There are 2 protein chains.
Amino acid sequence: MKLNTKSRYAVMALADMAVFSSDNAVSLRDISLRQGISLLYLEQIFLRLKKNNIVKSVRGINGGYILVKSPKELKISDILLALDQKVKTIGCKKDSKKSCNGKSTKCITHDFWDELDIHINSFFENKKLSDLLKNREARI
Amino acid sequence: MKLNTKSRYAVMALADMAVFSSDNAVSLRDISLRQGISLLYLEQIFLRLKKNNIVKSVRGINGGYILVKSPKELKISDILLALDQKVKTIGCKKDSKKSCNGKSTKCITHDFWDELDIHINSFFENKKLSDLLKNREARI
DNA sequence: CTAAAACTTGACTATTTTAGTCGGGTATAT
DNA sequence: ATATACCCGACTAAAATAGTCAAGTTTTAG
């Protein structure tokens with residue numbers, strides 16, 4: 001059970017922005033260099049972040065990206081959502097009448113997986129980007 | 001971020017056993033029919049469960065599998081462990097000095113991912129197989 | 001005005017992982 | 001003896017992942 005790199009890099013890049021913001025836009029090139037993430041890959045990621053209104057862009061020289069919300073207000077769950085990183089740990093369909101393993105009833109473990117999803121999602125809901133920046137000595 | 005079907009089916013099958021145990025061994029064939037899981041796939045899963053001492057087998061006619069521990073004592077984390085379903089949500093290597101993104105320092109989000117892993121793992125640690133069987137009206 | 005920096009976008013691809021299947025066993029109760 | 005059920009390694013098709021590539025557009029410094 002692992003998070004994909006897109007989500008991981010997204011959180012990483014946004015944390016980087018929060019640290020190095022200083023009012024003006026942060027370029028992907030800088031993030032790429034500091035965090036060791038491929039520039040091309042970052043572009044793809046930020047496209048999604050922009051579409052989902054996590055960041056806004058400034059074009060041209062000295063352009064880059066700016067956080068729409070402050071790190072204190074930006075929930076990690078918002079970031080993951082922007083990248084379609086659903087925390088849906090298993091295949092049972094939540095709502096459909098004919099769910100789970102093709103049978104018409106809920107599978108024996110159905111409620112358990114639901115509980116798990118809630119448990120994980122609430123973690124992401126309650127974490128703000130600013131929380132990642134606390135007690136960070138080795139900031140790169 | 002999702003659990004693989006092996007883990008899901010393992011929990012499902014063991015829950016099934018807990019319900020239909022009745023002292024004698026439970027055959028994979030029965031589990032397969034009740035839970036709608038391929039028999040061939042179940043065999044592969046139970047091989048692992050046996051190796052990891054979650055179940056023991058009885059060969060021959062009327063054979064099958066028996067839970068080693070009672071459902072009250074069997075932690076879900078034990079089951080996942082048997083199937084190599086590590087909850088290691090990201091790629092950062094936990095211990096190595098040169099971790100994360102090839103740099104020598106911990107990445108900016110490192111501690112956060114560790115926290116996430118702990119959060120999820122503790123969920124599995126604290127759940128017992130017997131917990132899944134409570135308030136189950138639709139038992140299949 | 002123009003060149004360079006930086007964002008924009010869709011398409012493409014190699015690799016890895018997943019979710020199984022297959023085939024040929026071995027043990028044992030009846 | 002023979003059917004039932006466990007045992008086990010190898011195999012494979014399909015999907016997901018982790019990126020790369022190409023071909024732009026926009027803006028601003030000089």
Side-chain angles (χ1 to χ4, degrees), chain A residues 1-10 12-13 17 24-33 35-68 80 83-86 88-92 101-102, chain B residues 1-13 17 24-33 35-68 80 82-86 88-92 101-102:
Chain A
M1 181 152 77
K2 52 187 223 280
L3 216 56
N4 59 20
T5 56
K6 274 201 182 85
S7 302
R8 177 189 161 199
Y9 289 161
M12 223 162 148
M17 286 180 69
N24 28 26
V26 180
S27 75
L28 294 188
R29 195 172 157 278
D30 288 353
I31 297 175
S32 167
L33 290 173
Q35 302 301 331
I37 304 170
S38 145
L39 176 60
L40 262 24
Y41 206 27
L42 273 178
E43 287 183 346
Q44 203 184 103
I45 291 166
F46 272 74
L47 203 63
R48 306 273 210 104
L49 292 176
K50 192 194 168 182
K51 267 182 186 152
N52 285 274
N53 208 39
I54 308 290
V55 296
K56 57 188 171 191
S57 65
V58 179
R59 301 186 75 154
I61 280 183
N62 296 326
Y65 289 93
I66 298 172
L67 290 169
V68 168
L80 301 189
L83 293 157
D84 292 333
Q85 181 64 33
K86 292 193 195 70
K88 187 75 207 63
T89 45
I90 50 122
C92 300
N101 40 13
Chain B
M1 181 151 78
K2 53 185 224 281
L3 216 57
N4 58 23
T5 56
K6 274 200 180 87
S7 303
R8 177 189 161 201
Y9 289 161
V11 174
M12 223 162 147
M17 287 179 69
N24 28 26
V26 181
S27 75
L28 294 188
R29 192 171 159 279
D30 287 352
I31 298 175
S32 167
L33 290 173
Q35 302 302 330
I37 305 170
S38 144
L39 176 60
L40 261 26
Y41 207 26
L42 275 177
E43 285 184 348
Q44 203 185 103
I45 291 167
F46 272 74
L47 207 61
R48 306 273 210 102
L49 292 176
K50 192 194 167 181
K51 267 182 188 152
N52 286 274
N53 208 39
I54 307 288
V55 295
K56 57 189 172 190
S57 65
V58 179
R59 302 186 77 156
I61 279 184
N62 296 325
Y65 289 93
I66 299 171
L67 289 170
V68 169
L80 301 188
L83 293 158
D84 293 334
Q85 181 64 31
K86 292 192 195 69
K88 189 75 209 61
T89 46
I90 51 124
C92 299
N101 40 14

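None of these values were measured; they are calculated from a predicted model.
When the P atom of dA11(C) is taken as reference, atom CG of Leu47(A) falls 13 Å away, rounded to whole Å. As rounded to whole Å, 13 Å separates atom C1' of dC21(D) from atom CG of Leu39(A). The distance from atom CG of Leu28(B) to atom C1' of dT4(D) is 12 Å, rounded to the nearest whole Å. Whole-Å rounding puts the Tyr41(A) OH to dC12(C) P distance at 19 Å. Rounded to an integer number of Å, the gap from Leu40(B) CG to dG23(C) P is 10 Å. Straight-line distance from the NZ atom of Lys51(A) to the C1' atom of dC7(C): 13 Å, rounded to whole Å. The nearest whole Å value for the distance from the CG atom in Asn62(B) to the P atom in dA27(C) is 19 Å. Remark: P of dA27(C) and NZ of Lys50(B) are 11 Å apart, rounded to the nearest angstrom.
When each of dG20(C), dC7(D), dG10(C) is scored by its nearest atom to the side-chain atoms of Glu43(B), the top-ranked nucleotide is dC7(D). Residue Ser57(A) places its side chain closer to dC7(C) than to any other of dA6(C), dA19(C), dC7(C). Checked against dA5(D), dG19(D), dC7(D), the side chain of Ser27(B) finds its nearest nucleotide in dA5(D).
Atom OG in Ser38(B) sits 8.5 Å away from atom OH in Tyr9(B) (nearest 0.5 Å). Between the CE atom of Met17(A) and the CD1 atom of Ile54(A) there is a distance of 11.0 Å, given to the nearest 0.5 Å. With rounding to the nearest 0.5 Å, the separation of CG in Leu39(A) from CD in Gln44(A) is 12.0 Å.
A donor-acceptor contact under 3.5 angstrom links the side-chain atoms of Gln44(A) to the base of dT20(D). In this model, a side-chain donor or acceptor of Arg59(A) finds a partner on the base of dT25(D) within 3.5 Å.
Tyr65(A) has its side chain out of reach of Leu49(A): every pair of non-hydrogen atoms, C-beta onward, lies at least 4.5 Å apart. Taking 4.5 Å as the limit, every side-chain heavy atom of Asn24(A) sits out of range of all side-chain heavy atoms of Asn62(A).
When heavy atoms are screened at a 4.0 angstrom cut-off, Tyr65(B) is found touching the sugar-phosphate backbone but no base atom.
Remark on DNA chain C: of its neighbouring residues Met1(A) and Asp30(A), the 5'-side contact belongs to Asp30(A), judged by nearest-heavy-atom nucleotide.
Under 4.0 angstrom from either OP1 or OP2 of dA18(D) there lies at least one side-chain N or O belonging to Thr5(A).
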